[in-house]
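First the structure, in the form of structure tokens, and then the observations on it.
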Amino acid sequence: MLKYQKVANDLAQKIEAKVYPERLPKEEELIAAYGVSRNTIRSALDILTNQGIIRRIQGSGYFVSFHPDRLNNVINMSNKYGLRDLGVETPIISKVLTLEVIPATKRTADFLQCRPGTPLYHVLRLRYKNNELISLEDAYYLKDVVPYLDEKICQKAIYAFIIEHYNLEIISGDEYSQVHVLSEQEASLTGLPARTPAMCIEEVDYLKNEQPFNYSKTLYLKPKLTFYYHVRNHLH
């Protein structure tokens with residue numbers, strides 16, 4: 001990880017921990033605190049700005065992006081934290097329904113740009129906060145990239161595990177959102193009535209070399225859950 005990425009990660013953690021609840025220190029203070037160059041600090045701040053974590057007001061500095069419900073019901077879809085935003089104060093717990101190694105079907109192979117039959121980890125799990133159902137997640141990981149998962153790992157944050165243990169850099173992702181209603185099978189898994197409304201997000205995540213390694217379909221079921229996207233237009 002490069003210096004500016006380390007600084008960006010540390011600042012993001014401090015924002016999450018409310019060390020900086022409203023605004024960041026001035027550039028000169030950050031330069032002194034981290035012992036790095038101005039360019040390094042600005043590159044780190046650019047990362048946080050692009051992910052919607054902070055916003056820059058010219059002449060005033062960098063401010064933490066704010067949503068009235070951000071501590072309880074907002075997921076920032078501009079980063080790859082997943083449900084971590086919801087688990088700041090209370091951890092997200094997962095009930096693993098399926099954990100298996102299977103061959104890639106044509107559909108999953110198309111998403112992951114691999115050959116049909118390629119070994120994949122398949123993880124199906126329900127995710128909860130304070131015993132309230134948040135989502136039903138159906139995910140597939142290339143076994144060549146993620147060589148080992150077990151139930152204990154899948155009960156927690158899978159991405160946190162693979163970043164720490166396999167030193168992977170998850171750089172980008174493609175997300176497809178649609179309004180969905182639960183099928184009979186999904187209703188049976190969640191304990192909710194069939195045709196219950198849900199937000200469905202299909203996602204393909206990429207490593208630093210642009211290799212896709214994870215495909216997932218997640219049904220979000222928590223009422224009044226907000227999805228935050230930070231959008232920038234560079235074409236004008």
Check: Thr190 side chain, Glu186 main-chain N or O, donor-acceptor pair, under 3.5 Å: yes
Close side-chain approach of Lys217 and Glu203, heavy atoms under 4.5 Å: no
Atom pair OG/CD1 of Ser216 and Ile158 - distance to nearest 0.5 Å: 9.5 Å
Shortest non-hydrogen separation from Val96 to Leu99 and the atoms involved: CG1-CB, 4.1 Å
Side chains of Leu136 and Leu189 in contact at under 4.5 Å (non-hydrogen atoms): yes
Test item: Ile171 and Tyr206 side chains (from C-beta on) under 4.5 Å apart, heavy atoms: no
Whether Asn130 side chain and Glu132 backbone form a donor-acceptor pair below 3.5 Å: no
Residue pair Lys143 / Val101, side-chain heavy-atom distance below 4.5 Å: yes
Non-hydrogen side-chain atoms of Thr118 and Arg115 separated by less than 4.5 Å: yes
Flag, side chain of Ser43 to backbone of Asn39, donor-acceptor distance under 3.5 Å: yes
Check against side chain to side chain contact (heavy atoms under 4.5 Å, CB included), Ile54 and Ile15: CA-CA 9 Å; Ile54 63 173; Ile15 290 170; 3.7 Å; yes
Note, Asn214 side chain near Ile170 side chain (heavy atom, < 4.5 Å): no
Ile53 and Val64, any side-chain heavy atoms less than 4.5 Å apart: no
Heavy-atom check, side chain of Ile102 versus side chain of Tyr140, under 4.5 Å: yes
Criterion salt bridge (charged side-chain N to carboxylate O under 4.0 Å, His left out) on Lys14 and Asp10, from CA distance to verdict: CA-CA 6 Å; Lys14 288 179 177 176; Asp10 188 67; 3.1 Å; yes
Donor-acceptor pair, side chain of Arg55 and main chain of Tyr62, under 3.5 angstrom: no
Side chain to side chain donor-acceptor pair (under 3.5 Å) partners of Arg42, counting only residues at least two apart: Glu27
Contact summary for Met199 and Gln178, nearest pair of heavy atoms: SD-O, 3.5 Å
Considering all heavy atoms, the nearest Ala12-Leu48 contact: CB-CD2, 4.0 Å
Side-chain donor or acceptor of Thr40 paired with backbone N/O of Val36 under 3.5 Å: no
Test log, rule ring pair (Phe, Tyr, Trp, His ring centres under 6.0 Å), inputs Tyr166 and Phe161: CA-CA 8 Å; Tyr166 300 132; Phe161 171 83; 5.7 Å; yes
Parallel, tilted or perpendicular: ring planes of Tyr159 versus Tyr141, cut at 30 and 60 degrees: perpendicular
Nearest atoms (heavy-atom pairs only) where Leu142 meets Cys114: CD2-SG, 4.0 Å
Side chain to side chain contact (heavy atoms under 4.5 Å, CB included) assessment of Tyr228 paired with Ser65: CA-CA 11 Å; Tyr228 168 68; Ser65 296; 4.2 Å; yes
Distance (rounded to the nearest 0.5 Å) between Cys200 SG and Leu219 CG: 5.0 Å
For Ser135 against Thr218, the heavy-atom pair lying closest together: CB-CG2, 3.7 Å
Test: Glu29 and Arg23 ion pair at under 4.0 Å: no
Residues which pass ring pair (Phe, Tyr, Trp, His ring centres under 6.0 Å) with Phe227, listed by chain and number, not counting sequence neighbours: Tyr220
Least distance between heavy atoms, Thr105 atom then Thr108 atom: N-OG1, 2.9 Å
Arg127 and Lys95: CA distance, side-chain angles, deciding distance, side chain to side chain contact (heavy atoms under 4.5 Å, CB included) verdict: CA-CA 6 Å; Arg127 311 205 70 191; Lys95 178 182 179 181; over 6 Å; no
